[in-house]
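Below, chain A is the first sequence line, B the second, and so on; all start at residue 1.
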Amino acid sequence: MCSLLEVENLTKIYNQDKRNQVIAIENVDFRVSEREIVGLLGPNGAGKTTTIKCISGLIRQDAGKVRVNGYDVEEDQEKVQENIGTVLEGNRNIYWRLTPVENMEFFLELGGKLAGSGREKIGELIRRFDLEDKKNTSVRELSRGMKQKVALGSALIKDPKLLVLDEPTLGLDVEASKELQRTLTSIVEKEKRAVLLSSHQMDVVQNISERAVILDQGKVVVDKEVAELLDDFKVQGYLLKFEKQLKETTAEKLQDNFEVLEFSNGEDPSAKIAFQRPEGIYQLMDFLKGQEVIISSIETEGQNLEEVFLKTIKRKEQSGVEER
Amino acid sequence: MKYFTVLKAMTRKEVIEKIRYWPNTLTGVVVFYIVFLLLFFGAKRLMGGQPAFGQTIEGIIVGYLLWLFTLQAYSNFTNFITREAQWGTMEQLYMSATGFGWVLSARIFANFLVFNVYMTGSMLGLAMVTTGRYLNLDVFSLLPLVILTIAGVYGFSFLMGGLALVFKHISNSLQILNFLFIGLIAAPLDRYPFLRFLPLSQGTSMINEVMTKGASITDFPLTDLLFLVGNSFFYLGLGLLGFKLLERTAQRRGLLGHY
């Protein structure tokens, strides 16, 4: 499969000549191939938006290369823009004073194509995003989810090979978010496009991405297939519910000696505990028995991307990455 | 082709917004007409009895129209950049197929065209009806002179636009520039010929000659016309250069779209 996006050793340093220098991203390296959805993950300030803006040509990098469908962002900006559609965080990528159709026509022409030539495509996008009833209503009167659809439609109208989306499901309700995810999957599968998706919503990335690139403190800490990543961190997880609240010392010991993912010692005391090896459960039982804790129920739990993400970041911190 | 489609997109959007938000458009015309009335009747009250006032009326109309041109040229343009940044659409414009420089030029064209149709046109008509003085509207002479005169002002527009990209809040500088331009429009070139080296003054003086004295563009010495061309292109070039440098700074610092 050919790479639609190649990011090589991308580095961006803000306030380079000043004392308050900030290394936003450093030697970021990854690729996105045709028909692939890649999730770009990272905690706040990890460098996701800087990476996306460098890819879209909105921020000038200090070092490294970005190529979109083979075109260099620094050298072939216009060609890059023909091949990329970007929806940045928030839903103000479009004109609220114009209607969905007018927005799509505007962005089609801004992309260098006559509005007339794209009538069919506009109609198709309006239908796909279920905007037929609202196609002639000012965007300001639409719901957040609909605005996001219009923004996505306006990015898709110029037929980009690569779609770059920064937090596309932020603020959307569950149904709207699911619908958007279905749309993205279908776009990639049917139309040979690729999507780079940045999101804090791990379930979204887990549902639709084949691969995840995790950034932390400006560096790529993981670049793997989501399935492989989940497998790497595959642990046996248990959700234990207790009859009554744990003593303070017991609670402390539990958290010190076991990998406690979640812990609640309130009205319904419970702990979600992960084990790298299944036999770890016996040690836990011995410990709880010794502490005279009565267990009311035990449930096994699978691993999700959010837990993998948190562990990755935690592992990175523990491995003593140099301070930035 | 893509340069044409961007031009079309910007013009169409401008027309749609002006029509859809017609109360706002109409309010603009009314406000500027009231300003003209205050100016005209204020001048009439101050020097209405003097025999020279009759010649001053034409000067007031021409000066006012040129001020309107100038105002829309630099202030509207800077407001455009600020507003797009606030709306969050600036970055989308930046990602056009033609590059941001052409998008801005297209916006200038669209604004010049639409503003002149609804604002300058109606203001000229209203001013002439109010004062009873009908000016010489020799389009063949006026259009190139107006375009050349305003081209220099657009240099300032680009510069202020660049400053808005980097520093965001520049409204105070705009006010200062506003007064400076009023001064340049009214500059007495016959008494202080060196003022022609500044933007606007030379062009304003020539437009005045056409509209009030019935002169034609062919009546001006070639040196004057060449001077106007050189002057306008100098300031336009300077502004574009400044804009490019500031745009690079904004891109380097990641300020595009921030507000």
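- Other residues, nucleotides and ligands contribute only 12 or fewer heavy atoms inside 6.0 Å of the OH atom of A:Y71.
- Comparing B:E17, B:R20, B:R252, B:M1 by heavy-atom pairs within less than 4.5 Å of chain A, the highest count is held by B:R20.
- Around the NZ atom of B:K8, the shell of radius 6.0 Å holds more than 12 heavy atoms that belong to other residues, nucleotides or ligands.
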Worked verdict on B:Y94 versus A:Q81 for side-chain contact (heavy atoms from CB on, under 4.5 Å)
CA-CA 9 Å; B:Y94 211 90; A:Q81 294 310 338; over 6 Å; no
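- Contact count versus chain B (heavy atoms, under 4.5 Å) is highest, among A:E102, A:R60, A:K12, for A:R60.
- Remark: A:K158 NZ to B:S96 OG distance equals 8.0 Å, nearest 0.5 Å.
- Of the atoms belonging to B:L93, heavy atoms from both backbone and side chain fall under 4.5 Å from chain A.
- The shortest side-chain heavy-atom distance between A:L58 and B:M95 falls under the 4.5 Å cut-off.
- At least one side-chain heavy atom of B:F4 sits less than 4.5 Å from a side-chain heavy atom of A:L114.
- Shortest non-hydrogen contact noted between B:K13 and A:L98 is CG-CD1, 4.1 Å.
- A:Y14 does not carry B:R253 over the face of its six-membered ring by the limits of under 6.0 Å from the centre and within 45° of the normal.
- Neither the backbone nor the side chain of B:F100 comes within contact range of chain A; no heavy atom of the residue lies under 4.5 Å from a heavy atom of that chain.
- Both the backbone and the side chain of B:Q92 come within contact range of chain A, with heavy atoms under 4.5 Å apart.
- Across all non-hydrogen atoms, the minimal contact from B:A97 to A:G111 is CB-O, 3.3 Å.
- Interface residue A:Y95: backbone and side-chain heavy atoms are both found under 4.5 Å from chain B.
- When every heavy atom of A:S138 is checked against every heavy atom of B:Y21, the shortest pair comes out as OG-OH, 4.4 Å.
- Of the two parts of B:T89, the backbone and the side chain both hold a non-hydrogen atom closer than 4.5 Å to a non-hydrogen atom of chain A.
- Minimum interatomic distance between A:G112 and B:K2 (heavy atoms only, all atoms of both residues): CA-CB, 3.5 Å.
- Residues B:E91 and A:T86 fail the side-chain proximity criterion, which asks for heavy atoms closer than 4.5 Å.
- Of the listed residues A:I84, A:I59, A:L110, the one with more heavy-atom pairs under 4.5 angstrom with chain B than any other is A:L110.
- If you measure heavy-atom distances from A:E78 to chain B, the contacts under 4.5 Å come from both the backbone and the side chain.
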